[in-house]
Amino acid sequence: MEPLLIIILGIILVVVIWLIGTYNGLIRLKNHCSESWADIDAELKRRHDLIPNLVETVKGYAAHEQSLLTRLTESRTRAEHAQGSVRDLCAAENEVVRGVTQVFALAESYPDLKADRHFLELQRELVNTEDRIQAARRFFNANVRDLNNRVEMFPSSFIASMASIQKADYFEVDSLAVREAPVAGI
């Protein structure tokens with residue numbers, strides 16, 4: 001074989017290997033984003049499952065605060081059924097966070113509620129769940145950053161556009177204002 005032909009075949013082989021490696025790397029990052037999104041989704045479901053218990057507990061002490069509890073329940077329902085982009089879900093989840101924070105603030109006006117064992121346990125569970133959501137959010141957003149970098153950077157952006165791999169949205173949601181549940185009797 002001619003040396004020129006060997007060089008050309010070598011260059012073609014290197015380019016093909018690079019294309020395959022870049023494409024597989026993009027798919028791997030995309031799958032990491034999907035996998036880490038599942039962690040966020042599980043924690044959001046956990047938070048959504050705790051809210052009805054919180055609403056029922058607060059109702060017993062603050063029945064005249066029905067509008068706040070109704071708004072929280074409606075926000076939870078909207079967040080559970082949110083469809084579309086991550087940004088749409090973020091907006092719905094921010095409503096839930098604001099509602100839960102308002103219920104925690106409301107408890108300050110009701111000493112009996114604030115001391116209720118069931119309320120304190122729910123508050124602890126919600127704060128724990130919030131911590132888990134934040135950890136999952138950081139992991140997801142790190143994967144999104146890595147994917148977005150590869151999608152935007154040359155030369156991998158060329159492969160991403162050919163494969164219709166798009167940038168992903170970050171999951172940015174407010175945190176619950178209450179970071180620790182108070183301990184009764186202190």
Side-chain angles (χ1 to χ4, degrees), residues 29-148 167-186:
L29 288 171
K30 188 176 166 189
N31 290 338
H32 282 307
C33 288
S34 296
E35 178 185 352
S36 57
W37 178 256
D39 294 340
I40 291 174
D41 194 45
E43 293 307 322
L44 292 175
K45 182 174 178 359
R46 177 181 162 87
R47 178 166 64 190
H48 295 161
D49 290 346
L50 290 169
I51 289 173
N53 296 333
L54 180 67
V55 168
E56 285 304 313
T57 301
V58 173
K59 265 186 195 176
Y61 291 94
H64 64 282
E65 303 286 352
Q66 188 62 38
S67 66
L68 171 62
L69 300 176
T70 301
R71 281 195 315 272
L72 176 56
T73 302
E74 290 169 354
S75 296
R76 172 195 174 258
T77 302
R78 277 192 297 279
E80 275 188 321
H81 296 91
Q83 299 291 321
S85 71
V86 171
R87 289 180 189 186
D88 295 339
L89 182 61
C90 288
E93 287 299 329
N94 278 328
E95 278 185 52
V96 171
V97 169
R98 282 190 293 276
V100 171
T101 302
Q102 288 173 340
V103 169
F104 286 167
L106 174 71
E108 297 297 319
S109 303
Y110 296 91
D112 290 340
L113 172 61
K114 203 165 103 173
D116 181 83
R117 182 183 57 79
H118 189 61
F119 177 77
L120 290 173
E121 184 58 33
L122 283 168
Q123 190 175 20
R124 269 188 219 97
E125 283 297 316
L126 281 163
V127 169
N128 180 40
T129 300
E130 180 63 24
D131 289 343
R132 292 166 59 166
I133 289 169
Q134 295 308 319
R137 180 184 62 82
R138 285 189 299 273
F139 183 63
F140 173 77
N141 285 345
N143 286 323
V144 167
R145 179 201 60 228
D146 293 345
L147 174 65
N148 289 349
K167 284 178 49 178
D169 289 330
Y170 289 100
F171 184 65
E172 299 173 316
V173 176
D174 297 335
S175 297
L176 284 176
V178 176
R179 297 307 308 149
E180 278 185 42
V183 178
I186 294 182

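Any value given below was found using the heavy atoms of this structure, including those in side chains, with hydrogens, waters and symmetry copies removed.
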Nearest heavy-atom pair of [X] and [Y]: which atoms, and what distance?
{"X": "G99", "Y": "L68", "value": "O-CD1, 4.5 Å"}
{"X": "A115", "Y": "L120", "value": "O-CD1, 3.9 Å"}
{"X": "L89", "Y": "A79", "value": "CD1-O, 3.7 Å"}
{"X": "L50", "Y": "T129", "value": "CD1-OG1, 3.8 Å"}
{"X": "V144", "Y": "A168", "value": "CG1-O, 3.4 Å"}
{"X": "D49", "Y": "N53", "value": "O-ND2, 4.0 Å"}

Please tell me if the side chains of [X] and [Y] come closer than 4.5 Å, counting only heavy atoms from C-beta onward.
{"X": "V86", "Y": "Y170", "value": "no"}
{"X": "Q102", "Y": "L72", "value": "no"}
{"X": "E172", "Y": "R87", "value": "no"}
{"X": "V58", "Y": "E65", "value": "no"}

Test log, rule salt bridge (charged side-chain N to carboxylate O under 4.0 Å, His left out), inputs D41 and K45: CA-CA 6 Å; D41 194 45; K45 182 174 178 359; over 6 Å; no
Begin from the C-alpha positions of R47 and I133 and carry the test side chain to side chain contact (heavy atoms under 4.5 Å, CB included) through to its verdict. CA-CA 9 Å; R47 178 166 64 190; I133 289 169; 3.7 Å; yes
Determine whether a donor-acceptor pair (N or O, by modelled atom type, separation under 3.5 Å) exists between the side chain of N128 and the backbone of R124.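 No, N128 side chain to R124 backbone: no donor-acceptor pair under 3.5 Å.
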Are the side chain of N148 and the backbone of K167 linked by a donor-acceptor contact shorter than 3.5 Å? no
Suppose we screen for salt bridge (charged side-chain N to carboxylate O under 4.0 Å, His left out). Which residues come up paired with R145, at least two apart in sequence or across chains?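 Per chain and number, R145 pairs via salt bridge (charged side-chain N to carboxylate O under 4.0 Å, His left out) with no residue.
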Evaluate the criterion side chain to side chain contact (heavy atoms under 4.5 Å, CB included) for residue pair K114 and Q123; output intermediate values, then yes/no. CA-CA 10 Å; K114 203 165 103 173; Q123 190 175 20; over 6 Å; no
Would you compute the distance between atom CD1 of I51 and atom CG of L69 and round it to the nearest 0.5 angstrom? 11.5 Å
Once ring pair (Phe, Tyr, Trp, His ring centres under 6.0 Å) is applied, do any residues pair with Y61, and if so which ones, sequence neighbours excluded? none
Quick one: list whatever passes side chain to side chain donor-acceptor pair (under 3.5 Å) with N143, sequence neighbours left out. S36
So the salt bridge (Lys or Arg N to Asp or Glu O under 4.0 Å) pairs with at least one residue in residues 69-80 (sequence neighbours excluded) are R76-E80, R78-E95
Name all residues meeting the side-chain contact (heavy atoms from CB on, under 4.5 Å) criterion together with E35; count only those two or more places apart in sequence or in a different chain, and write none if there are none. H32
I would like to know whether L113 and T57 meet side chain to side chain contact (heavy atoms under 4.5 Å, CB included); could you show each step before the answer? CA-CA 8 Å; L113 172 61; T57 301; 4.1 Å; yes
Look at R137 together with E43 and state whether they make a salt bridge at an N to O cut-off of under 4.0 Å. no
Listed once per pair and sorted, the ring-ring contact (aromatic ring centres under 6.0 Å, His included) pairs that draw on residues 118-148, sequence neighbours left out: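 For residues 118-148, and leaving out neighbouring residues, the ring-ring contact (aromatic ring centres under 6.0 Å, His included) pairs sorted by first residue read W37-F140.
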